[in-house]
Each structure stands twice: as C-alpha cells, then as structure tokens.
Amino acid sequence: MAVKLLRAAGQFVLDRLYPPACLLCGADTMQAGLLCGACFVRLPVLGPPCCAACAQPQASSALLGADGLCASCERRHPAWEQGRAAFVYDAAARDMILRLKYADRLEYAAFLAGHMVRAGQDILEAGALVVPVPVHRWRLLSRRYNQAVLLGRYVARARGLDYGPDVLERLRATVRLARFSRGARRQEMQGVMRVRARWRTRLRGRTIVLVDDMLTTGATATACVQALRDAGAQKVHLLVAGVVPERPGLDIDLQEMQ
C-alpha cells in the first residue's frame with residue numbers, strides 16, 4: 001500500500017513538472033504515454049474482419065474462408081501458423097513506427113506493444129516464448145537498439161511470458177529490400193537467420209510468438225520461422241505492430257530495412 005502511494009505521489013509531481021502530452025502532436029492528455037482524441041481517431045486500429053494468417057484487413061467477413069483465411073493464404077499459407085497486427089500501417093501508425101525505428105522515439109514502444117497485446121491475446125498463450133526479429137550487429141551499432149527487442153520485452157512482460165531477446169541471430173547484413181519483388185526478397189533472406197546454439201535444445205516442442213514492428217511481404221519473418229522450426233519449435237505465430245495493406249501504389253521505401 002505504501003509503495004502504491006509513493007508511486008502515485010511521484011507521478012503527481014512528474015505530471016506537474018512535465019504535463020502529459022500526446023505522443024504524436026504534443027497536445028495535452030490526461031495521462032502520459034497516450035494519444036489525444038484527434039490523433040487516436042486517425043489511428044488505423046486493426047480489427048475484424050482480417051485474415052488469421054497474414055492479418056490483412058478484409059472488406060467483409062464473407063471474403064474469409066472457414067479457417068478465417070483470405071483467398072491468398074488459402075492458396076499458399078505463410079510459414080507461420082497465425083498472424084496478428086495491432087494497426088494498419090498507414091497515417092498515424094506509420095509515423096509512430098518509423099519514429100520508433102529511426103528517430104530514437106523509444107516512448108512509442110510501450111504504446112505500440114500494448115495494442116499488440118490486445119491484438120494477439122489469443123496467440124500469446126501460456127507457455128509461449130516471445131522472440132523478436134533480430135537486426136545485424138553492424139546495423140545495431142548504427143541504430144543502438146533493435147525496435148523489435150523493445151516491443152517483444154513489453155509484450156512478454158504484459159502477459160507474463162518467457163522472453164528470448166537473443167534466440168535468433170542475423171548471420172549477414174542484407175541489402176535494403178524495399179524495391180525487391182517478393183521472390184527476390186525471399187531469395188535474399190535465404191540462410192540469413194539462425195538460432196543461437198544455447199537456445200537450440202530449449203525450443204523443442206515450444207510455441208513461439210515472433211515479434212516485429214511491421215509486416216510487408218513476410219520475407220524476413222519467413223526466414224525467422226524456418227530457423228525456429230529447424231531448431232524444433234512446434235508452432236510459430238507472428239505478432240507485429242503494423243501490417244502494410246495490399247493496395248497498388250503504396251509507398252514502402254522505408255520498410256523491411258532491417
């Protein structure tokens with residue numbers, strides 16, 4: 001009880017010294033780490049109907065098959081079992097993810113991860129291991145942090161799950177994939193991911209929730225899933241902050257530049 005009172009008193013003082021502000025526009029908010037009403041309205045929160053595998057939003061639930069899959073995933077299921085996304089990668093969600101990824105705006109991680117937990121509550125099952133998508137060590141030196149590691153830590157903590165921030169390693173730096181075709185992306189990612197030796201026996205028979213900031217073609221996620229399955233993982237689900245909608249002409253220059 002005393003600890004709660006001290007925390008409340010400390011928060012009161014901080015709010016007076018540094019009034020809570022919207023994460024996007026800086027307008028006053030009731031609590032730190034939130035969006036104002038105007039910004040939240042333009043945030044494309046993802047909800048049903050959407051595909052259970054690729055998380056793509058659908059115009060109608062009638063477009064989904066009996067297993068909740070879109071026509072594309074029914075023809076060719078992704079490497080992972082189920083996929084969940086918190087937001088459609090557009091407008092405000094794009095701003096938040098890119099600022100987290102490239103502009104050192106680490107305060108966005110908790111907000112995005114909170115909505116990822118909401119979106120992925122059915123796949124964040126007891127006993128699952130949360131694993132972030134890795135970046136190459138040279139890119140980590142330039143960025144100083146991996147946004148997927150931050151998101152994964154918040155997600156695992158919120159659900160009380162095991163967390164393996166270093167389960168996967170990226171063996172070589174890949175070229176920027178934004179202008180590659182789907183096939184070229186997958187070819188570029190072949191053999192890039194590996195499970196670290198100390199984790200290999202600990203993955204056998206486990207359910208893995210792979211965490212990343214966004215999903216485009218899925219080439220990076222597919223490479224991770226293959227490595228996890230080779231190490232004995234029983235199921236691998238995918239959980240991302242944003243999914244890029246499949247529509248012609250979408251500018252994705254800054255995506256999958258891991």
Side-chain angles (χ1 to χ4, degrees), residues 7 11 20-24 29-36 39-40 42-47 50 54-55 57 80-135 140 143-168 207-216 218 220-221 224-225 228 236-244 254-258:
R7 286 178 178 170
Q11 189 62 54
C22 173
L23 287 173
L24 278 175
T29 57
M30 295 294 293
Q31 183 180 338
L34 300 179
L35 301 183
C36 67
C39 286
F40 191 80
R42 69 185 184 94
L43 186 67
V45 177
L46 188 60
C50 53
C54 69
W80 54 89
E81 300 288 334
Q82 298 186 67
R84 302 289 184 268
F87 304 106
V88 176
Y89 184 78
D90 199 2
R94 176 188 175 107
D95 290 344
M96 295 179 73
I97 291 172
L98 292 184
R99 290 179 190 179
L100 169 63
K101 191 169 185 175
Y102 299 113
D104 295 340
R105 296 295 298 274
L106 305 187
E107 66 271 25
Y108 289 134
F111 180 87
L112 292 170
H115 283 274
M116 291 167 67
V117 171
R118 168 194 56 79
Q121 55 186 318
D122 59 331
I123 62 173
L124 293 167
E125 59 189 65
L129 174 66
V130 176
V131 174
V133 170
V135 297
L140 187 60
R143 287 190 193 169
R144 302 184 305 281
Y145 63 91
N146 175 3
Q147 70 281 353
V149 167
L150 300 179
L151 294 170
R153 182 181 298 121
Y154 280 114
V155 167
R157 185 181 302 164
R159 295 296 294 228
L161 299 177
D162 291 340
Y163 181 46
D166 62 340
V167 169
L168 289 167
T207 294
I208 308 297
V209 178
L210 183 67
V211 168
D212 204 1
D213 56 347
M214 55 185 149
L215 172 64
T216 53
T220 300
C224 292
V225 172
L228 292 166
V236 183
H237 302 306
L238 179 64
L239 179 61
V240 297
V243 59
V244 177
L254 294 176
Q255 293 165 40
E256 289 211 6
M257 294 165 59
Q258 300 280 10

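For the single chain, residues carry numbers from 1 onward in sequence order. Excluded from the calculations below are hydrogen atoms, water molecules and symmetry mates; all remaining heavy atoms, backbone and side chain alike, are included. What you see is a predicted model; the values in this text were computed from it and never measured.
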Fill in: Any residue meeting salt bridge (charged side-chain N to carboxylate O under 4.0 Å, His left out) with Arg99, in chain and number order, not counting sequence neighbours
none
Worksheet item: Of all heavy-atom pairs between Cys22 and Cys36, which one has the smallest distance, and what is that distance?
Response: SG-N, 3.3 Å
Worksheet entry | side-chain hydrogen bond (donor to acceptor under 3.5 Å, both in side chains) partners for Glu107, two or more places apart | Arg105
Response to the item:
Sorted by chain and residue number, the side-chain contact (heavy atoms from CB on, under 4.5 Å) partners of Ala110 (sequence neighbours excluded) come out as Tyr154
Practice prompt. Sort and list the pairs that fulfil salt bridge (charged side-chain N to carboxylate O under 4.0 Å, His left out) and have at least one residue in residues 147-164, not counting sequence neighbours.
Written response: Asp162-Arg206
Worksheet, complete the sentence: All heavy atoms of Ala109 vs all of Leu151, minimum pair found to be O-CD2, 3.5 Å
Fill in: Of Val209, Leu215, Val225, the residue whose pairing with Leu238 passes side chain to side chain contact (heavy atoms under 4.5 Å, CB included)
Leu215
Fill in: Sub-4.5 Å side-chain heavy-atom contact between Leu210 and Leu168
yes
Practice prompt. Could you go through the side chain to side chain contact (heavy atoms under 4.5 Å, CB included) check for Glu81 and Ile123 one step at a time?
Written response: CA-CA 10 Å; Glu81 300 288 334; Ile123 62 173; over 6 Å; no
Worksheet item: Where is the tightest heavy-atom contact between Ala55 and Val243, given as atom of each residue plus distance?
Response: O-CG1, 3.7 Å
Fill in: salt bridge (charged side-chain N to carboxylate O under 4.0 Å, His left out): pairs with one or both residues in residues 111-123, sequence neighbours excluded
Arg84-Asp122
Item to complete: Quick one: pull up CG in Leu112 and CG in Asp213 and give me the separation to the nearest 0.5 Å.
Response: 9.0 Å
Worksheet entry | Straight-line distance of Leu129 CG to Leu161 CG, nearest 0.5 Å | 8.5 Å
Worksheet item: Do Phe111 and Leu43 pass the side chain to side chain contact (heavy atoms under 4.5 Å, CB included) test, and can you show the C-alpha distance, the side-chain angles, and the key distance before you say yes or no?
Response: CA-CA 12 Å; Phe111 180 87; Leu43 186 67; 4.0 Å; yes
Worksheet item: Closest heavy-atom contact between Tyr102 and Arg143?
Response: CE2-NH2, 3.6 Å
Discussion item. Between Leu100 and Leu150, is the side chain to side chain contact (heavy atoms under 4.5 Å, CB included) condition met? List the steps.
Written reply: CA-CA 10 Å; Leu100 169 63; Leu150 300 179; 4.3 Å; yes
Worksheet item: If you take all heavy atoms of Asp212 and Ala148, which pair is closest and at what distance?
Response: OD1-CB, 3.8 Å
Discussion item. Using 0.5 Å steps for rounding, measure from the CG atom of Leu106 to the CZ atom of Arg144.
Written reply: 8.5 Å
Worksheet item: Residues in side-chain contact (heavy atoms from CB on, under 4.5 Å) with Leu140, at least two apart?
Response: Val135, Asn146
Worksheet entry | Shortest non-hydrogen contact between Tyr89 and Gly242, atoms and distance | CB-C, 4.3 Å
Worksheet entry | Listed partners of Asp166 passing side-chain hydrogen bond (donor to acceptor under 3.5 Å, both in side chains), at least two apart | Arg198, Trp199
Worksheet entry | Partners passing ring pair (Phe, Tyr, Trp, His ring centres under 6.0 Å) against Tyr108 (at least two apart in sequence or in another chain) | none
Fill in: By side-chain contact (heavy atoms from CB on, under 4.5 Å) - contacts of Glu125 (at least two apart)
Ala128, Thr207, Lys235, His237
Worksheet item: Are the side chain of Tyr163 and the backbone of Val149 linked by a donor-acceptor contact shorter than 3.5 Å?
Response: yes
Fill in: Criterion side chain to side chain contact (heavy atoms under 4.5 Å, CB included) on Leu228 and Val167, from CA distance to verdict
CA-CA 9 Å; Leu228 292 166; Val167 169; 4.0 Å; yes
Fill in: Close side-chain approach of Gln147 and Ile97, heavy atoms under 4.5 Å
no
Practice prompt. Measure up the His115 and Phe87 rings against each other and bin them: parallel (under 30°), tilted (30 to 60°), perpendicular (over 60°).
Written response: tilted
